Number of protein chains: 2
Amino acid sequence: MAIPRPGEKVRGSLSGSPINALFDLLGRRWALGILWQLDTPSTFRGLQALCGGVSPSILNARLKDLREADIVERSSVGYALTARGRELRALIVPLGAWSADWSADLFGVERPGMRDRVAAEGATDL
Amino acid sequence: MAIPRPGEKVRGSLSGSPINALFDLLGRRWALGILWQLDTPSTFRGLQALCGGVSPSILNARLKDLREADIVERSSVGYALTARGRELRALIVPLGAWSADWSADLFGVERPGMRDRVAAEGATDL
DNA sequence: CCGTAGCGCTACTAAAACAATAGCAATGGG
DNA sequence: CCCATTGCTATTGTTTTAGTAGCGCTACGG
């Protein structure tokens, strides 16, 4: 699957504006999870484990997408975020705290201090 | 498709942690776009148009997901974000500015002032 | 050398999600 | 009653994702 290009049509419809291109990309399965887990660089198999055993085919496809989009790159220590990717990740980090509240309110799940850990450390093991 | 519940397995794998449940939800097609467009309440067909003509079946499915997740609700003026949904949307608004930069750098697309408009007004017509 | 282990990744099949189109029941004018 | 609009379902066909197996490569230790 080609990465969505602003200015062209994006998967079936839409104006192809930048935000929609981004949403198309991030709306693919595991894209957000990969971004989240790549806080620290990981090997392919390491990342696969972090993502709960995603199938390698889809992991590879998503990594390819994210590399073409200049969000992820291969380094000596495995896959890592680019500078731009780190900026993007910084924007989605607050979702961690939001999801903790959401989960607690909606499902009654509670994990004391989780909010603060996320806010303070950007913990990835939610 | 059932909404992802923290604590249970999420679509095939993962730990079922809150952030992963959220990523599962937002990783479905149009979920992010709907959140983005629901800045102002819209009717079903209005929202469909805003999203570039999404098919009604998938729009309906996504609205159902988002309503079960207490992110979207039906009001007298159509579909609208809940209080929680507005909080979530606020977190993704910065993606608009990021996507504008990303698009400009990666594809050479340029629209003067877009960044500022997004930052100042939260423009949705990117 | 040879076996073993880890790595990145491809191939294949089955299941699920999504897209596209048509159209129905309900509501509210004119 | 007629017509337009709305929310939505039904149906069909395509695309994407899941799940599993395993190949080629590199780097060991023996």
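Everything numeric in this text was worked out from a predicted model, so none of it was measured. All heavy atoms count here, side chains included; hydrogens, waters and symmetry mates do not. Chain naming here is simple, since letters A, B, ... match the order of the sequence lines and numbering starts at 1 in each.
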Looking at [options], which one has an atom nearest to any side-chain atom of [X]?
| X | options | answer |
| --- | --- | --- |
| B:P56 | C:dT21, D:dG7, C:dC9 | C:dT21 |
| A:S55 | C:dC9, C:dA19, D:dT20 | D:dT20 |
| A:R74 | C:dA19, D:dT6, C:dG8 | C:dG8 |
| B:Y79 | C:dG8, D:dA18, D:dC8 | D:dC8 |

Is A:I34 close to A:L50 at the side-chain level, that is, under 4.5 Å between some pair of heavy atoms?
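Result no, sub-4.5 Å side-chain heavy-atom pair not found.
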
Is B:P41 close to B:R74 at the side-chain level, that is, under 4.5 Å between some pair of heavy atoms?
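They are not in side-chain contact.
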
Which residue is it: A:L35, A:L95, A:L26? I am looking for the one with a side chain to side chain contact (heavy atoms under 4.5 Å, CB included) to B:F23.
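Output: one option passes, namely A:L95.
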
Rounding to an integer number of Å, can you tell me how far [X] [atom1] sits from [N] [atom2]?
| X | N | atom1 | atom2 | value |
| --- | --- | --- | --- | --- |
| B:L63 | D:dG7 | CG | P | 10 Å |
| B:K64 | D:dT9 | NZ | C1' | 12 Å |
| A:I58 | C:dA17 | CD1 | P | 14 Å |
| A:L47 | C:dC7 | CG | P | 12 Å |
| B:R28 | D:dA18 | CZ | C1' | 15 Å |
| A:D24 | C:dC18 | CG | C1' | 12 Å |
| A:L59 | C:dG8 | CG | P | 10 Å |
| B:F44 | D:dA4 | CZ | P | 21 Å |

So does A:R29 get a backbone contact from the side chain of A:R62, meaning a donor-acceptor N/O pair under 3.5 Å?
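Yes; at least one donor-acceptor contact below 3.5 Å.
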
Short side-chain N/O contact to C:dT10 OP1/OP2 from A:N60, under 4.0 Å
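Answer yes for this pair, as a side-chain N or O of A:N60 is under 4.0 Å from OP1 or OP2.
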
A:R29 side-chain N/O to D:dA18 phosphate OP1/OP2 under 4.0 Å
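Yes.
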
Does a distance-only test, which skips hydrogens and angles, find a donor-acceptor pair under 3.5 Å between the side chain of A:S57 and the base of D:dG19?
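Yes, the side chain and the base share a sub-3.5 Å donor-acceptor pair.
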
Quick one: the side chain of A:R45 and the base of C:dG8, do they pair up donor-acceptor inside 3.5 Å?
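Flag set: donor-acceptor pair detected.
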
State plainly whether the residues A:D105 and B:R84 are in salt-bridge range, i.e. N to O under 4.0 Å.
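Yes, A:D105 and B:R84 are salt-bridged.
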
Nearest heavy atom decides the nucleotide; on that basis, is B:R62 or A:R67 closer to the 5' end of DNA chain C?
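Here A:R67 is the residue nearer the 5' end.
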
